Number of protein chains: 2
Amino acid sequence: MFGQIMVSKTFINLAEDKKKAVLQSAVREFARLGYQKASLNTIVRDASISKGSLYQYFQNKEALFHYIFEQFVFLVKRSVQGGGDVSSLHFFSKVRQVFWAGIHFVDYYPEYFQMYLKVLFEADVPGRENLLARVHLFSSEYFGPLCDEAREKGEIRDDIPAETVIFMIDALISSLLQGYALSYLDSGLELKRMDKKDISSQVDKVLLVLEKGLVKT
Amino acid sequence: MFGQIMVSKTFINLAEDKKKAVLQSAVREFARLGYQKASLNTIVRDASISKGSLYQYFQNKEALFHYIFEQFVFLVKRSVQGGGDVSSLHFFSKVRQVFWAGIHFVDYYPEYFQMYLKVLFEADVPGRENLLARVHLFSSEYFGPLCDEAREKGEIRDDIPAETVIFMIDALISSLLQGYALSYLDSGLELKRMDKKDISSQVDKVLLVLEKGLVKT
DNA sequence: GAGTAACATGACCGGGTGGTCATGTTTGGT
DNA sequence: ACCAAACATGACCACCCGGTCATGTTACTC
């Protein structure tokens with residue numbers, strides 16, 4: 001939709017290697033410093049191109065950034081939805097799948113994820129509300145039907161609104177991924193140091209509480 | 001402890017009005033733009049002082065920022081601990097108290113809270129890990145004993161480690177406050193538009209799930 | 001009221017920024 | 001072989017930054 005506006009055909013037609021180098025340098029810089037502080041000078045130096053070329057590919061800093069964020073959204077969707085057929089699973093198993101999709105995303109695209117976190121808390125990113133809305137829209141479009149279905153099947157209680165359930169799942173996944181991606185955000189779990197098996201049992205514990213509650217039965 | 005180093009006695013002896021003006025301008029600017037992008041020029045303009053004066057009060061930008069963050073930590077502690085005697089309450093009532101202390105904190109000190117959020121996701125804040133560690137230390141020092149006690153009393157199940165419980169409470173409180181403070185972080189609850197009564201019932205629902213789980217009993 | 005110490009001021013500095021553009025180089029069609 | 005169009009280059013621009021410092025102003029002591 002924005003494709004034609006934010007990136008020139010010169011860039012589209014570029015050799016694949018060069019394209020990757022430019023995108024990778026840009027993602028890395030945006031992940032490191034956020035939108036405003038990211039330096040185009042650094043990006044062009046890292047990507048071994050000239051500044052003039054960058055401005056031939058993208059109209060300006062904003063267009064470059066939006067192009068990369070679009071890539072991020074695409075990768076997120078593919079990660080969550082590409083996890084194989086899920087329709088036969090129990091509600092909590094589906095939620096577990098999403099937890100794991102998140103963990104894998106951070107593993108495969110750590111810089112994209114960190115860039116996203118930067119956008120979350122940087123005030124003057126152009127078009128930021130739209131960018132974040134797109135991510136959140138995906139989240140509620142995905143979990144909303146899941147909740148409704150689970151409620152119909154009687155898998156979860158019906159005196160808690162779907163929005164509240166989504167909120168809690170969102171909060172727990174976000175915090176878990178943030179702790180996993182950035183150790184200093186970890187609130188005591190030390191996820192960064194765990195191997196996959198320990199992380200798995202952590203996720204299981206969180207889901208157990210979500211399912212059965214903190215009070216022993 | 002750092003008091004003598006990071007702020008001059010000239011500033012301490014300043015007229016209360018002027019002191020407040022300087023601090024307020026600085027907090028506002030750091031909240032708006034984060035550490036790196038915050039402009040000392042803007043701060044001195046807002047506070048109606050000269051740049052030279054600012055440098056007579058604080059050694060540099062970093063010292064000013066650390067002084068303000070220290071204020072933040074002090075205000076947080078006072079907000080959570082100053083909520084009256086709590087020792088006789090049930091575990092979940094205590095947790096509810098902390099939720100409310102957070103809501104009130106955001107109401108009273110929105111700029112301090114936003115500044116804190118900025119620090120969370122800004123990479124090159126000097127001494128950032130220390131700053132965040134101090135906040136998190138307080139959180140686990142507060143909730144740790146609470147969990148242990150609740151487990152002894154049999155108020156919560158004993159097959160979930162305290163760290164996991166703290167992680168979940170932390171995640172839910174953080175997300176709730178972030179959604180409350182910054183509407184674009186809201187994941188569908190629209191907390192920003194609620195009155196206190198609706199927020200209260202939202203908190204209750206989250207705590208109900210935490211207590212009894214999502215599966216109907 | 002003179003003298004001095006504390007405090008206030010803003011022009012100025014080196015450096016980095018996003019963005020521009022005249023110039024040079026490569027490419028491909030004929 | 002030639003030429004035009006597409007692409008690459010980096011010096012350059014205006015602007016803003018954090019930080020400095022010579023100079024001015026205020027306040028207090030005797």
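Throughout, protein chains are lettered first and strands after them, A, B, ... in sequence-line order, and every chain is numbered starting at 1. All of these numbers come straight from a predicted model, not from anything done at the bench.
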What string of B, S and - do you get for nucleotides 3-9 of chain C 5' to 3' if you count protein non-hydrogen atoms under 4.0 Å?
-> ----SBB

Rounded to the nearest angstrom, tell me the gap between atom CD in A/Q59 and atom P in C/dC21.
-> 14 Å

Could you state the CZ-P distance from B/F58 to D/dT20, rounded to the nearest angstrom?
-> 16 Å

Looking at B/S39, does any N or O in its side chain come under 4.0 Å of the phosphate oxygens OP1/OP2 on D/dC16?
-> no

Ion pair present between A/E70 and A/R134, side-chain N to carboxylate O less than 4.0 angstrom?
-> yes

C/dG19 P sits how many Å from A/I43 CD1, rounded?
-> 11 Å

A/E29 and A/S39: side-chain donor and acceptor closer than 3.5 Å?
-> no

So with a 6.0 Å cut-off around NZ of A/K77, is the heavy-atom count from everything else above 12?
-> no

Within this structure, what is the CG-to-P distance between A/L40 and D/dG10, rounded to whole angstrom?
-> 16 Å

CG of A/N41 versus P of D/dC12: gap in Å, rounded?
-> 15 Å

How many Å lie between OH on A/Y55 and P on D/dC12, as a whole number?
-> 19 Å

Nearest-angstrom distance from the residue atom CZ of A/F11 to C1' of D/dA6 | 17 Å

When the ring planes of A/F11 and A/Y57 are compared, do they come out parallel, tilted or perpendicular, using 30° and 60° as the limits?
-> tilted

Within this structure, what is the CD1-to-P distance between A/I12 and D/dC7, rounded to whole angstrom?
-> 12 Å

Give me the one residue out of A/V98, A/V203, A/L176, A/I173 that meets side chain to side chain contact (heavy atoms under 4.5 Å, CB included) with A/I103.
-> A/L176

When the ring planes of A/F105 and A/F72 are compared, do they come out parallel, tilted or perpendicular, using 30° and 60° as the limits?
-> perpendicular

